[in-house]
> 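Below is a structure I'd like to ask you about.
Throughout, protein chains are lettered first and strands after them, A, B, ... in sequence-line order, and every chain is numbered starting at 1.
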Amino acid sequence: MTHNLFAAMRDRVVAALAVIVPDLPPEVAARVEVTPAKDPAHGDMATNAAMVAAKPAKMKPTEIAAQLVAALVADPDVAEAASAGPGFVNIRLKPAAWQALLPVVLGAAEAFGQSDVGQGTRVNVEYVSANPTGPLHIGHCRGAVVGDALANLMTKAGFAVTKEYYINDAGNQIAALSWASYWRYLEAIGTGLSEEAFGREVPGGLQYRGEYLIPVGQALAAAHGGALATADKAIAAPEVWLETVREMALSMMLASIREDLAVLGVVQDVYSSERELAAKGATDVTIDLLRDKGLIYEGVLEPPKGKTPEDWEPREQTLFRATQFGDDVDRPLRKSDGSATYFANDIAYHADKIGRGSDILIDVLGADHGGYVKRMTSAVKALGGQLDVLLCQIVHVLKDGQPLRMSKRAGTFITLRDLLDEVGPDAVRFTMLTRKSDAQMEFDINQAVAQTRENPVFYVQYAHARCRSVLRAAEEMFGAGATDGAALANGALESLEDEAELALMKRIASWPRAVEGAALAREPHRIAFFLYDLASDFHMLWNRGREDAALRFLQADRPGESRAKVALVAATAMVLRSGLAVMGVRPVEEMR
RNA sequence: GGACCCGUAGCUCAGCUGGAUAGAGCGCUGCCCUCCGAAGGCAGAGGUCGAAGGUUCGAAUCCUUUCGGGUCCGCCA
């Protein structure tokens with residue numbers, strides 16, 4: 001018994017088709033699909049096989065369909081098959097075929113829905129990768145959730161997934177962080193210097209004025225006393241303090257980021273440091289590698305069209321032939337002073353990921369990195385790898401109907417922690433996954449905490465809680481062990497034949513299909529919608545029991561029927577749980 | 001000037017890689033608790049899928065053009 005009834009039926013359809021059209025090309029057979037019927041009136045499943053095969057077979061679709069129907073009605077699982085429309089074949093399974101899935105679900109438990117479409121392909125999903133210069137904010141949150149769920153999803157679909165975070169701990173912004181932290185240090189040891197006076201001494205001016213660096217200054221003061229300043233507590237030469245301050249600031253920022261992520265339920269496998277990579281000379285090695293492929297040249301770029309910067313002047317730089325791989329212009333790898341660009345370092349980083357053994361690289365980035373996608377995919381292609389980029393569009397946060405605007409400069413941005421404190425990690429994660437990632441979304445705080453159907457988090461959790469409630473009641477009514485998977489799996493199930501019960505079983509049966517489809521499309525949000533539909537089927541059945549006593553899950557005088565219904569409830573709870581697990585949302589046992 | 005993303009019910013959004021009569025929630029109109037949690041369910045109204053061409057047995061989905069909204073655009077990371 002397979003876990004995926006749709007895949008099983010597809011195999012049978014293809015086999016039948018091969019008899020009807022003996023020399024069917026494999027690429028045509030590959031296009032055959034068996035999908036859930038959109039309209040239950042059509043049946044349970046539909047296949048496009050006849051239409052796909054018509055042209056190569058030089059037959060009419062309806063003719064092939066008629067022969068397919070003849071072959072399929074002989075299948076013991078098939079109740080009826082019929083040709084329809086331009087050449088669809090609709091299939092209705094016997095209730096027994098759906099019922100037989102329940103023992104499989106209960107036996108497989110969380111493993112139900114797992115797939116091997118990934119074939120162990122090694123995938124590296126990189127997400128969050130926020131600069132360690134301050135706390136995570138709303139903008140990072142969506143990428144964190146989407147990346148994490150995608151990684152879980154692909155794992156379930158049979159990919160070998162590594163979750164990774166790239167730490168941008170080199171470059172100008174870290175110098176700026178160090179200066180800002182140094183200011184908080186001077187503040188902590190008590191100096192007469194004003195912020196303005198200090199700012200004048202900082203190359204490029206003082207940035208990162210947020211209060212979150214105060215603890216860094218205090219920690220430095222506690223660890224080093226006045227040793228990082230001059231005798232009169234003024235600014236010392238950078239050689240005296242820069243490295244010490246930088247290390248403290250970086251480690252504290254990173255620790256706080258990881259702490260926030262942990263609250264969100266995100267724990268990554270690998271944290272890669274840009275600085276460590278640069279220290280190994282990885283960038284030079286990578287540039288040489290590209291040069292050997294003839295993809296590097298010294299040249300001068302055209303000024304950007306539209307708005308030309310005032311101080312534009314043509315300069316010769318080391319350029320990568322990104323245009324050969326679909327990018328719009330060639331991209332600089334070295335600045336005119338010979339130092340490496342961020343892009344060059346990032347290529348080296350992606351080369352490193354490939355070198356560590358990844359067949360597919362996936363970067364989950366924010367919408368503001370849109371302009372970066374082509375050049376990076378080009379570079380990875382040049383290195384012989386594959387990079388897919390998921391761009392997460394902007395999230396607008398609403399509270400009480402009003403947009404919460406964030407201003408980084410004023411230090412009034414909404415931190416991830418603020419959001420988590422307000423709505424909790426489960427609602428944050430679920431809600432962030434209720435939109436496809438390349439569409440902008442509104443995050444309505446009031447809706448995310450609402451205890452009504454308009455809140456999908458609640459609705460799905462409620463379905464699970466109701467399942468658990470029934471299972472608890474079943475143990476009370478029929479004794480401990482009444483809800484054991486093995487006991488349920490061995491019972492008779494043919495009493496499950498009401499439309500609402502069948503609808504629920506069919507939804508459960510399509511879970512493996514949903515996992516595969518979502519994983520291959522890299523669309524974790526589909527899991528949220530699947531669970532919503534599953535919850536809806538369950539709530540419907542629950543309410544049917546109010547009108548029709550025969551549909552109540554627990555009936556003391558009918559233990560056999562009750563056991564079958566409990567098996568269905570247990571299977572529903574199981575799929576809800578494993579779907580929530582993919583999303584990183586904890587199921588609840590009861591609502592309160 | 002260019003690149004990328006999005007235009008689907010009054011509002012917020014799905015639409016399973018091209019399939020049949022385009023779906024859900026909110027809002028609106030009516031129903032359903034002596035009964036496993038009504039924090040739920042059922043029914044109704046509401047659409048030229050931004051627009052125009054094209055591709056084919058078949059388009060919300062793919063291509064071209066166009067109009068709106070968003071993001072971004074030399075050696076910043």
> Once you apply the 3.5 Å cut-off to both distances, tell me the Watson-Crick or G-U wobble partner of rA43(B), or none.
rU29(B)

> Looking at rC36(B), rG19(B), rG41(B), which one has an atom nearest to any side-chain atom of His539(A)?
rG41(B)

> Measuring only the P atom in each nucleotide, how far is rU64(B) from rC26(B)? A whole number of Å is fine.
39 Å

> Does Tyr459(A) put a side-chain nitrogen or oxygen below 4.0 Å from OP1 or OP2 of rG41(B)?
yes

> Count the heavy atoms of every other residue, nucleotide or ligand shown that sit under 6.0 Å from CD of Glu499(A), and state whether that count exceeds 12.
no

> Using distance alone, with no hydrogens and no angle criterion, decide if Glu590(A) and Ser469(A) have a side-chain donor and acceptor under 3.5 Å apart.
no

> Can you tell me which nucleotide in rA77(B), rG74(B), rG19(B) comes closest to the side chain of Pro332(A)?
rG74(B)

> Round to the nearest Å and state the distance from Gln317(A) atom CD to rC76(B) atom P.
9 Å

> Between Tyr166(A) and Tyr349(A), does the ring centre distance come in under 6.0 Å?
yes

> Say you pick atom P in rG40(B) and the same atom in rG58(B); how far apart are they, in whole Å?
45 Å

> Of the listed nucleotides (rG40(B), rC72(B), rA77(B)), which one gets closest to any side-chain atom of Arg453(A)?
rG40(B)

> Going by atom types only, do Gln451(A) and Tyr459(A) share a side-chain donor-acceptor pair under 3.5 Å?
no

> Rounded to whole angstroms, how far apart are OH on Tyr372(A) and C1' on rC4(B)?
16 Å

> Look through every strand shown and name the nucleotide pairing with rA59(B) as Watson-Crick or G-U wobble, where both distances are under 3.5 Å.
none

> Between rC5(B) and rA43(B), how far apart are the C1' atoms? Round to whole Å, please.
39 Å

> Distance check needed: rG19(B) P versus Asp39(A) CG, whole Å only.
16 Å

> Anti or syn, where syn is a glycosidic angle within 90° of 0; which label fits rU65(B)?
anti

> Judged by each residue's nearest nucleotide on RNA chain B, which is more toward the 5′ side, Glu590(A) or Phe343(A)?
Glu590(A)

> State which of rC4(B), rG74(B), rC36(B) makes the closest approach to the side chain of Ala473(A).
rC36(B)

> Would you kindly give the CZ-to-C1' distance between Phe458(A) and rG41(B), to the nearest whole Å?
13 Å

> Could you list all the side-chain hydrogen bond (donor to acceptor under 3.5 Å, both in side chains) pairs where at least one residue sits in residues 528-538 of chain A, not counting sequence neighbours?
Arg453(A)-Tyr532(A), Arg507(A)-Asp537(A)

> Tell me the interatomic distance from Leu534(A), atom CG, to rA24(B), atom C1', rounded to whole angstroms.
15 Å

> Using atom names, set out every protein N or O paired with an N or O of nucleotides 11-16 of chain B below 3.5 Å, distance rounded to 0.1 Å.
from: rU12(B); atom 1: O2'; to: Arg435(A); atom 2: NH2; distance (Å): 2.7
from: rC13(B); atom 1: O5'; to: Arg435(A); atom 2: NE; distance (Å): 3.2
from: rC13(B); atom 1: O2'; to: Arg435(A); atom 2: NH1; distance (Å): 3.4
from: rA14(B); atom 1: OP1; to: Lys436(A); atom 2: N; distance (Å): 2.8
from: rG15(B); atom 1: OP1; to: His525(A); atom 2: NE2; distance (Å): 3.0
from: rG15(B); atom 1: OP2; to: Lys436(A); atom 2: NZ; distance (Å): 3.4
from: rC16(B); atom 1: O2'; to: Arg526(A); atom 2: NH1; distance (Å): 3.3
from: rC16(B); atom 1: O2; to: Arg513(A); atom 2: NH1; distance (Å): 2.9

> Using side-chain contact (heavy atoms from CB on, under 4.5 Å) as the criterion, point out the one residue from Asn345(A), Leu277(A), Asp346(A), Ile347(A) that pairs with Thr286(A).
Ile347(A)

> Can you check the distance between rU34(B) and rC16(B), where both ends of the measurement are the C1' atom (answer in whole Å)?
44 Å

> Ring centres under 6.0 Å, that's the criterion: do Phe538(A) and Phe553(A) meet it?
yes

> Partner of rU71(B) by Watson-Crick or G-U wobble geometry, both contacts under 3.5 Å, or none?
rA3(B)

> How many whole angstroms separate atom CE of Met540(A) from atom P of rG41(B)?
9 Å

> Has Arg334(A) got a side-chain atom pairing as donor or acceptor with Thr318(A)'s backbone, closer than 3.5 angstrom?
no

> Filter on side-chain hydrogen bond (donor to acceptor under 3.5 Å, both in side chains), then keep only pairs touching residues 548-557 of chain A, sequence neighbours left out; what's left?
Gln555(A)-Arg558(A)

> Can Phe88(A) be called stacked on rA20(B) when the rule is centres closer than 5.5 Å and an angle between planes below 30°?
yes

> Side chain of Asn543(A) only, heavy atoms from C-beta on: which candidate in rA77(B), rG74(B), rG41(B) is closest?
rG41(B)

> Does the side chain of Asp363(A) pick up a donor-acceptor pair with the side chain of His350(A) at under 3.5 Å?
yes

> Taking syn as within 90° of 0 and anti otherwise, name the glycosidic form of rC33(B).
syn

> Students often get this wrong, so: under 4.0 angstrom with heavy atoms, is Gln393(A) touching a base, only sugar-phosphate, or nothing?
sugar-phosphate

> What do you reckon, do His42(A) and the base of rA20(B) stack, with centroid distance below 5.5 Å and planes below 30°?
yes

> For rG18(B), what is the paired nucleotide under Watson-Crick or G-U wobble rules, both distances under 3.5 Å?
none

> If you measure from the P atom in rG74(B) to the same atom in rG2(B), how many Å do you get, rounded?
16 Å

> Select one nucleotide: of rC72(B), rC6(B), rU17(B), the one nearest the side-chain heavy atoms of Asp368(A).
rC72(B)

> Do any side-chain nitrogens or oxygens of Asn172(A) fall under 4.0 Å of OP1 or OP2 in rA77(B)?
yes

> What about Asn90(A), does its side chain sit under 3.5 Å from the base of rA20(B) through a donor-acceptor pair?
yes

> Could you state the atom-to-atom distance from CD of Glu501(A) to C1' of rC36(B) in whole Å?
14 Å

> So which nucleotide does rC49(B) pair with, by the Watson-Crick or G-U wobble rule with both distances under 3.5 Å?
none

> Closest nucleotide of RNA chain B for Leu520(A) versus for Leu554(A): which of these residues is on the 5' side?
Leu520(A)

> Distance between the C1' atoms of rC11(B) and rG54(B), in whole angstroms?
34 Å

> Checking base pairs now: Watson-Crick or wobble, both atom distances under 3.5 Å. What partners rA24(B)?
rU12(B)

> Can you figure out which of rA3(B), rG40(B), rA20(B) approaches the side chain of Ala84(A) most closely?
rA20(B)

> Show your working on ring-ring contact (aromatic ring centres under 6.0 Å, His included) between Tyr462(A) and His539(A) and close with a plain yes or no.
CA-CA 9 Å; Tyr462(A) 187 30; His539(A) 288 307; 5.3 Å; yes

> Any idea which of rC36(B), rC72(B), rG25(B) is nearest the Ser469(A) side chain?
rC36(B)

> Roughly how many Å is it from CG in Leu365(A) to P in rA3(B), rounded to a whole number?
21 Å

> Write down the distance separating the C1' atoms in rC57(B) and rG44(B), rounded off to the nearest Å.
36 Å

> Nearest to the side chain of Ile394(A) - rU71(B), rC42(B), rG19(B)?
rU71(B)

> rC33(B) and rA60(B): how far apart are their P atoms, nearest whole angstrom?
42 Å

